[in-house]
Amino acid sequence: MAETSTDSAASTTDTLAGTSTPATESSAQDAKLPESKRWADVSDDEKDDLESKIDSLAIEEPKKVNEFLEDPEPSNIQAVTSGDTPYTSAKRFEDLNLSPELLQGLYVEMKFERPSKIQAITLPMILTPPYKHLIAQAHNGSGKTTCFVLGMLSRVDPKLAAPQALCICPTRELAMQNQEVLERMGKYTGISSTLAIPMEDMPIGKIPPVTKQVVIGTPGTINKWFTAKKLGMGAMTILVFDEADHMLAEGGFKQDSERIMKGIVKISPKCQVLLFSATFNDAVKDFATRIVTQISVNEYNQLFVKKEELSLDSLKQYKVYCPDERSKIMVIKDKILEMGQKVGQTIIFVKTRNSASMLHKSLVEYGYEVTTIQGALKQEDRDKIVKEFKEGLTQVLISTDLLARGFDQAQVNLVVNYDLPLKYDTRGEPDYEVYLHRIGRAGRFGRKGAVFNLLCGDRDDMLMTKIENHFNHQVTEVASWESDKDFEDALKKAGLM
DNA sequence: TCAAGAT
């Protein structure tokens with residue numbers, strides 16, 4: 001199977017293959033969506049026969065559909081479209097009516113060959129008029145960024161010096177990363193962009209109104225600029241929420257996100273809204289579809305993946321029982337750091353800023369070189385640590401959930417959960433979404449990767465079991481936390497040694 | 001708790 005886009009493609013190990021969705025089931029689900037037609041992908045046993053089959057299934061008014069979302073691989077992605085706009089899956093970027101400059105960016109600068117699966121399905125939905133909103137879920141490392149960056153770049157008029165595309169992200173790091181992708185992909189288009197993240201020593205009055213065409217930033221600053229009339233929304237054609245489930249979650253960025261969304265749609269009613277994430281729990285999914293119908297009369301498309309099929313096959317997950325906290329540090333020191341060095345870069349996730357500092361201190365005392373990132377650091381330091389890690393100057397990075405989402409570094413093939421992610425409002429409930437995002441930092445674009453969950457005590461054991469059940473995926477136990485051989489075998493089984 | 005940000 002050909003690797004598609006070298007950078008952000010699902011490539012060979014996409015894990016979407018799964019059970020088929022019978023037509024009857026789809027019809028039943030359709031009852032809940034009276035205004036929508038459901039297109040369910042019917043994968044069957046002929047998994048090798050990729051080219052000839054169109055597995056899409058039109059439930060209602062099949063005559064209106066001549067060709068449809070032909071999935072290049074059998075999968076269980078479910079797309080629901082509203083109205084009667086037919087979409088054809090894009091086999092090549094040429095199928096998308098992109099400008100020659102954009103194609104040049106894709107092929108020459110990004111070195112992409114053809115759309116990944118998620119790109120093949122969503123790009124026609126994003127780029128075909130009438131422009132409908134889109135709620136799209138796709139696996140970690142499958143090329144979501146390319147979808148919305150391409151969407152933004154192709155909707156901007158390069159001759160108009162006004163903000164026309166806005167992308168909102170949960171962290172500054174992700175905003176910067178997305179801007180870099182946009183700048184590269186749009187290299188030949190002449191489209192300009194700016195970051196809307198907090199700037200030190202820059203009173204709002206001193207900032208001139210934005211004339212850059214694409215704005216990428218964090219919710220607080222975007223709202224601030226908007227309120228101060230520094231960011232005009234009159235020419236906005238496309239609004240993107242990266243990590244949309246988090247941006248819309250209760251107790252998260254919900255208020256800010258809603259305010260921005262409603263503000264823009266009020267001024268630019270035709271503005272297209274794209275919501276992208278690897279995870280959408282049921283509550284957020286409901287809210288997302290509700291808000292999208294509330295903000296405007298525009299129709300919308302949606303795309304979801306079953307939770308059981310979200311953990312990547314290219315990732316091998318392990319659990320390590322540790323008798324106490326100290327043995328966790330020993331595992332990091334003697335196993336992860338000693339052996340992990342040989343196989344690539346490592347991210348160690350911890351729950352709090354405090355434990356990040358503690359772990360950092362211990363490891364440095366033992367003479368290891370590690371860096372640590374968390375939100376309390378000065379922006380300057382955060383930037384430096386990310387930069388060094390991305391350049392490969394540092395091998396091991398300790399992080400809070402600051403980097404759990406979206407952080408894209410191909411060389412990371414080891415993720416360690418020093419603590420398991422926990423939902424804060426419920427007692428003893430793991431945060432399944434954060435778990436999935438954390439482990440998705442390894443094994444990007446179908447590469448091999450390993451995850452080590454360090455467990456200590458009954459509570460961790462219970463959390464791990466819940467995670468296993470939730471994703472219906474058994475996590476392999478490393479027999480002894482003290483055995484070099486066990487860890488070596490684990491890395492070998494993960495394909496890393 | 002974490003994150004962002006206004007305060």
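Note on naming: letters A, B, ... go to the chains in the order of the sequence lines (proteins, then strands), and numbering restarts at 1 for each one.
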Distance-minimising heavy-atom pair for Pro219(A) and Cys169(A): CD-O, 3.3 Å

Contact class for Arg382(A) (heavy atom, under 4.0 Å): base, sugar-phosphate, or nothing? sugar-phosphate

Do other residues, nucleotides or ligands put more than 12 heavy atoms under 6.0 Å from Asp324(A) CG? yes

Can you measure Glu243(A) atom CD to dA3(B) atom P for me and round it to whole angstrom units? 15 Å

It should be established whether Arg172(A) places a side-chain nitrogen or oxygen under 4.0 Å from OP1 or OP2 of nucleotide dA3(B). no

Of the listed dG5(B), dC2(B), dA3(B), the closest approach to the Thr352(A) side chain comes from dC2(B)

Rounded to the nearest Å, what distance is computed from the CG atom of residue Asp256(A) to the C1' atom of nucleotide dA4(B)? 8 Å

Nearest whole Å is fine: how far is dC2(B) P from Leu403(A) CG? 15 Å

d(CG, Asp242(A); C1', dA3(B)) in whole Å: 14 Å

Residue from Glu183(A), Lys212(A), Glu180(A) passing side-chain hydrogen bond (donor to acceptor under 3.5 Å, both in side chains) with Ser193(A): Glu183(A)

Tell me: CG of Asp419(A) to P of dC2(B), nearest whole Å? 11 Å

Please determine if a side-chain N or O atom of Thr400(A) lies less than 4.0 Å away from the OP1 or OP2 oxygen of dC2(B). no

For the student: nearest non-hydrogen atoms of Asp460(A) and Leu454(A), plus distance: OD2-O, 4.1 Å

Is the terminal nitrogen or CZ of Lys285(A) (NZ for Lys, CZ for Arg) located under 6.0 angstrom from the six-membered ring centre of Phe280(A) and within 45° of that ring's axis? no

What's the CD-C1' distance between Gln255(A) and dA3(B), to the nearest Å? 14 Å

Could you check how far CD of Glu173(A) sits from C1' of dA3(B), rounded to whole Å? 10 Å

On the nucleotide dA3(B), are OP1 or OP2 found under 4.0 Å from the side-chain N or O atoms that Arg353(A) carries? yes

Return the value, rounded to whole Å, for the distance between atom CD1 of Ile222(A) and atom P of dG5(B). 9 Å

Can a side chain N or O of Lys224(A) be found less than 4.0 Å away from OP1 or OP2 on dA6(B)? yes

